[in-house]
2 protein chains.
Amino acid sequence: MAIHSSNRTDVNRSAILARLGADGPASRAELARVLALSPALITQLVKELLADGLLVELEQAPSNGGRPARMLGLATSAGHAIGVKVVADHVAFVEVGVDGRVVRSASEPFDATASTFIAELVERIRGFIAAGDGTTVLGLGVGVPGSVDRLGSGVVDSAQLGWTGVELGDALRRATGLPVVVENNVNALAVAERLFGLGRSHDNFLVVTIGTGVGAGVVVDGNVLRGASGGAGEIGHFPVADDGPRCGCGNDGCLEAHIGEGALVRDARDRGAIPPDGGIDDLLAAADAGEDDAIRIYREAGGLLGRTLAGVVHTVDPALVVVLGEGTTGWRHWSPGFEPAFRSHLLRHRRSLPVEIETWQDESWAQGAAALVLAMPFDAAGSAGDQGRLIRERLVGPVVRR
Amino acid sequence: MAIHSSNRTDVNRSAILARLGADGPASRAELARVLALSPALITQLVKELLADGLLVELEQAPSNGGRPARMLGLATSAGHAIGVKVVADHVAFVEVGVDGRVVRSASEPFDATASTFIAELVERIRGFIAAGDGTTVLGLGVGVPGSVDRLGSGVVDSAQLGWTGVELGDALRRATGLPVVVENNVNALAVAERLFGLGRSHDNFLVVTIGTGVGAGVVVDGNVLRGASGGAGEIGHFPVADDGPRCGCGNDGCLEAHIGEGALVRDARDRGAIPPDGGIDDLLAAADAGEDDAIRIYREAGGLLGRTLAGVVHTVDPALVVVLGEGTTGWRHWSPGFEPAFRSHLLRHRRSLPVEIETWQDESWAQGAAALVLAMPFDAAGSAGDQGRLIRERLVGPVVRR
DNA sequence: GAGAGTTAATTTAGAACTAAACAAAGTAGA
DNA sequence: TCTACTTTGTTTAGTTCTAAATTAACTCTC
């Protein structure tokens, strides 16, 4: 309700860095426009950032009718973020630059159900950091399949990992001494999409993932919707039938229990579309080969996803839907079911809502997690408590001001 | 992303008025705490508001261990807001004080499909205002069944009213010279709930209405979620079956086509639970009398609502669900179907989510619309353009400052 | 090639806000 | 009654930001 300007000390300084990191060089005037700050302030802040060595002045841009702009770029030494993707049987790591580009990556086995899982995880993380080239690590972003209660302490509840009330954030912070942000993995992807992807040009959009699980990240007015307990976007457990198959969450008829990877494989085995020991790759191959049962399984899944997403669209009214995840490799078979179901159930004036399918790489999940670190210092709401401030401090580094 | 302090000129002044209006008298220290502003600023702003005659200093509060607080109250002359509820065949008006209490109300026939509907509406509004006691009218809040693209211009699309692209806001503003805020009627209720109802103590909650239509207002981080085109919360058109009955929107299988008042009545007639010319009152009477078919119709509707709402809860993760609308008069018959379906489809850690049924009066819709006017000057986002500023100006009145 | 127009960046004066020190007005305990 | 403590409210100095005027650097047109 009330507006206050406490703790905003260098949020705008950070916003400048974020913009330059995400979108490349820009002029002072351009920064003023996109950040909705006065040119006067930009002049002032840029002067300080240049003095601190965080920015560099680049060549002049060609004039377009008036005084040509002097472009500003991020000093390359700004630092890296580390993204960690945690799943039941392994962890994946990436190290990314301030522009979101992956510098290096790794993947290691990991048993989330072991009693010593935190110690194990810490060891793996230390190993990955130690293998780096020594560039300042701004912080650690961790993506988990499940809901995260407070981004700061990082309290994780995850059926998939068998975790309840695990204070992962605090544990990792103590062990590594780094700023740590823990978040649901789909929400992390939504953040990445907002910073570096299609979401850059949209304040309201939906990120949907299909694969082992089904999930959504809801971006509203430029921010990821977390809800009262950090559990927003759990559309995998949207009930689509009263008497549907049992889901991993214990309920019946969840969307995920119908169209998750496990459900598709089970259906395919039952119908004989793939051998009894076949997997999702076999199903995709069968569909590619034109086998009716396989094609039908994908089409039905697409239809159910389309119908449910139409409802979700009516609920949150996004301007764009982005579909991501391992499952998108077979999207050509989902699409014939998805498109008619999705469009026909949308209200007329929203029928033309764009749906974009993004290419998917193994490291995308971890990349999303890393984006959390890059987004956090620029999140005015400060949802993760001190972490944003700590990351900012590491960003500015040991430079002495004034 | 970036923080800026433009146009915040008297937002905090307004926040003080809002707080005192909504929650009654408070001390300076208390205001500083709840508004998260410094005591120094409160002192400063209160000094000016007292000089302007908008606030009055009340008696001292009993000390609780230290210097006793001098309470502050709103000057009673602050003004009234007028709420208008527009439906296909009539309009309802209320005039409310800054505390949200209804001063007077009226209801008149109105044909939304007539070609001269704007002129008609203007005339009815003028009549209602003229019948008042002359207290300053701060502004006009209009609730419509449909989606509103920009709160400022108030562009309305409504299947129920047969309106597409009607610039109601601009038209009414020109005709009345008052600040005008047009909004979807369920969103208006959500605003009212946030200002004066159960939502005061929750930043994330869901308002659900059942009756002729079915709708939802989604409050996220204290603000009503409007989405990319103002259409968020349209859960009435959530598709719940591929081959369900045809809905008024033209699609098949919408939730509203299953459990809206029209659908219930149609079902009841088909099953012989009420006479062929019977209405919703007959259905309720039949259920009260213990007739199986009537009870079953309500229970099925409750089950479908419960299942769908469970999914919506997973999507936006509210801390509270408030059920409102004409339909709640029969809630005792919805409940046996709703409760099991809703709870059983929620994820375990969210099973105990509170669902509150609010009593409903005829004028509640219009009261919600009036709340728009009272909320607008205190909406820092300024979603309705100039309207908030205009209302603030009327609130401060002709007093000359300094 | 001399204005006229446009866009970029800086300077200056001042508004909005806060932190921290202070003053005021009470209670509670010896 | 004197001292210690608590809570409320004000003052002061300083920070962050903006608006508006100004300077700078270019293009376009005649």
Side-chain angles (χ1 to χ4, degrees), chain A residues 1-16 19-20 25-51 55-73 380 382 389 392 396 401-402, chain B residues 1-16 20 25-51 55-73 380 382 389 392 401-402:
Chain A
M1 213 108 144
I3 303 296
H4 50 103
S5 43
S6 71
N7 288 340
R8 284 205 257 126
T9 319
D10 41 15
V11 169
N12 284 339
R13 237 179 295 265
S14 303
I16 292 174
R19 177 73 195 184
L20 295 175
S27 69
R28 289 169 178 81
E30 199 180 332
L31 288 172
R33 280 191 297 266
V34 297
L35 300 179
L37 296 169
S38 66
L41 181 60
I42 297 291
T43 291
Q44 183 59 33
L45 296 180
V46 163
K47 191 185 292 175
E48 296 171 20
L49 288 169
L50 284 171
L55 293 186
V56 287
E57 220 163 22
L58 307 173
E59 79 292 357
Q60 278 194 182
S63 156
N64 39 337
R67 172 172 170 177
R70 243 170 304 177
M71 303 302 278
L72 300 164
R389 187 180 52 72
R392 280 200 297 277
V396 176
R401 302 281 297 285
R402 233 150 310 245
Chain B
M1 211 108 145
I3 303 296
H4 49 102
S5 41
S6 71
N7 288 341
R8 286 205 257 125
T9 318
D10 42 15
V11 169
N12 284 339
R13 238 178 295 265
S14 303
I16 293 174
L20 294 176
S27 70
R28 289 168 178 82
E30 198 180 333
L31 288 172
R33 279 190 298 267
V34 296
L35 301 178
L37 296 169
S38 66
L41 181 60
I42 297 291
T43 291
Q44 183 59 31
L45 296 181
V46 163
K47 192 185 293 174
E48 295 171 21
L49 288 169
L50 285 171
L55 293 187
V56 287
E57 220 164 22
L58 307 174
E59 79 291 357
Q60 278 194 181
S63 156
N64 41 337
R67 173 172 170 175
R70 244 169 303 180
M71 304 301 279
L72 299 164
R389 188 180 50 74
R392 280 201 295 278
R401 302 283 298 284
R402 232 152 310 248

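Reminder, nothing fancy here: chain letters follow the sequence lines and each chain counts from 1.
B:Pro68 and B:Gln60 make their closest contact through CG-NE2, 3.4 Å (heavy atoms, listed as atom of the first residue, atom of the second, distance). For the residue pair B:Ser27 and B:Met71, the shortest heavy atom distance occurs at N-SD, 3.9 Å.
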Verify side-chain contact (heavy atoms from CB on, under 4.5 Å) between B:Leu58 and B:Leu72, making sure each step is shown before the conclusion. CA-CA 6 Å; B:Leu58 307 174; B:Leu72 299 164; over 6 Å; no
Test side-chain contact (heavy atoms from CB on, under 4.5 Å) on B:Leu45 and B:Leu31 and set out the steps. CA-CA 11 Å; B:Leu45 296 181; B:Leu31 288 172; over 6 Å; no
Working note: B:Ile42 + B:Ile16, criterion side-chain contact (heavy atoms from CB on, under 4.5 Å); need CA distance, chi angles, decisive distance, verdict. CA-CA 9 Å; B:Ile42 297 291; B:Ile16 293 174; 4.2 Å; yes
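For the pair B:Glu48 CD and D:dG9 P, the computed distance is 17 Å after rounding to whole Å. The CG atom of B:Leu37 sits 14 Å away from the C1' atom of C:dA19 (whole-angstrom rounding). Between B:Gln60 atom CD and D:dT8 atom C1' there is a gap of 10 Å when expressed in whole angstrom units. Regarding B:Glu59, its CD atom lies at a distance of 16 Å from the C1' atom of D:dT8, rounded to whole Å. D:dT16 atom P lies 13 Å from atom CG of A:Leu49, rounded to whole Å.
Scored by the side-chain hydrogen bond (donor to acceptor under 3.5 Å, both in side chains) test, A:Glu57 finds A:Arg28 as partners (sequence neighbours excluded).
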Classify every nucleotide of nucleotides 5-11 of chain C by which part a protein heavy atom approaches to under 4.0 Å, writing B for the base, S for the sugar-phosphate alone and - for neither, in 5'-to-3' order. BBBBSBB
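OP1 and OP2 of C:dG26 both lie 4.0 Å or more from every side-chain N or O belonging to B:Ser63.
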